[in-house]
Amino acid sequence: MTRTWSTIPADEERYRPLYARVLGLRFVNPGGVLCFLFFEGAVALAVLLALAELVTWWAVLLLPAAVAAMVKLNDMVAEIVIRTAAQVPEQERDRFRRQIEPVVGRASVPSTARALPGGATLAGEPTLRAARPVDPSGQIGHPADPTRHDPFH
């Protein structure tokens, strides 16, 4: 088995946690705390579930195995993604980089759209008016107006 795609140098392999070495993880590199949670945490959770009689005692063996299978599957998916990304030609990578660069420029804003928050306007500019008059009670239109349509009443 070649380690050409491995992200961990061979001399640092022996310092990796036992969990990562046993699973043969090459692309996912969990630290010591995460490996502890993956294995001992899964065992503790399975024991608690078994003590609460929510699962059988077989879960103490099956839950850590299922977590290990998911971690290994995640490593295999990461390998596929990295190898696929490495096959993209340099020309396509450059084109992609150009497409995602932010563009900085100026936008022209018409002078009629210069209303400030709160209904204030700049000096010398017309104020914006509502399409229908608003009475002091806050209702749209006049109470006697038969064309008044208020969807909330």
key: Contacts of type side-chain contact (heavy atoms from CB on, under 4.5 Å), residue Leu34, not counting sequence neighbours   = Pro30, Phe38
query = Is the number of heavy atoms from other residues, nucleotides or ligands within 6.0 Å of CZ (Phe39) greater than 12?
reply = no
ask   = Under a 4.5 Å side-chain heavy-atom rule over Ile, Leu, Val, Met, Phe, Trp and Tyr, are Leu18 and Tyr15 clustered together?
value = no
message = Just verifying a value: how many Å separate Glu79 CD and Thr84 OG1, rounded to the nearest 0.5 Å?
response = 10.0 Å
Donor-acceptor pairs under 3.5 Å, side chain of residues 63-77 to any protein atom, not counting sequence neighbours: which ones?
residue, atom, partner, partner atom, Å
Lys72, NZ, Leu23, O, 3.2
Lys72, NZ, Gly24, O, 3.2
Asp75, OD1, Arg26, N, 3.3
Asp75, OD1, Phe27, N, 2.6
Asp75, OD1, Val28, N, 2.8
Asp75, OD2, Arg26, N, 3.2

ask   = Residues in side-chain contact (heavy atoms from CB on, under 4.5 Å) with Leu54, at least two apart?
value = Leu49, Ala52
request  = Spell out, yes or no, whether Val43 and Tyr19 are grouped together once hydrophobic residues are joined by side-chain heavy atoms under 4.5 Å, including indirect joins.
outcome  = yes
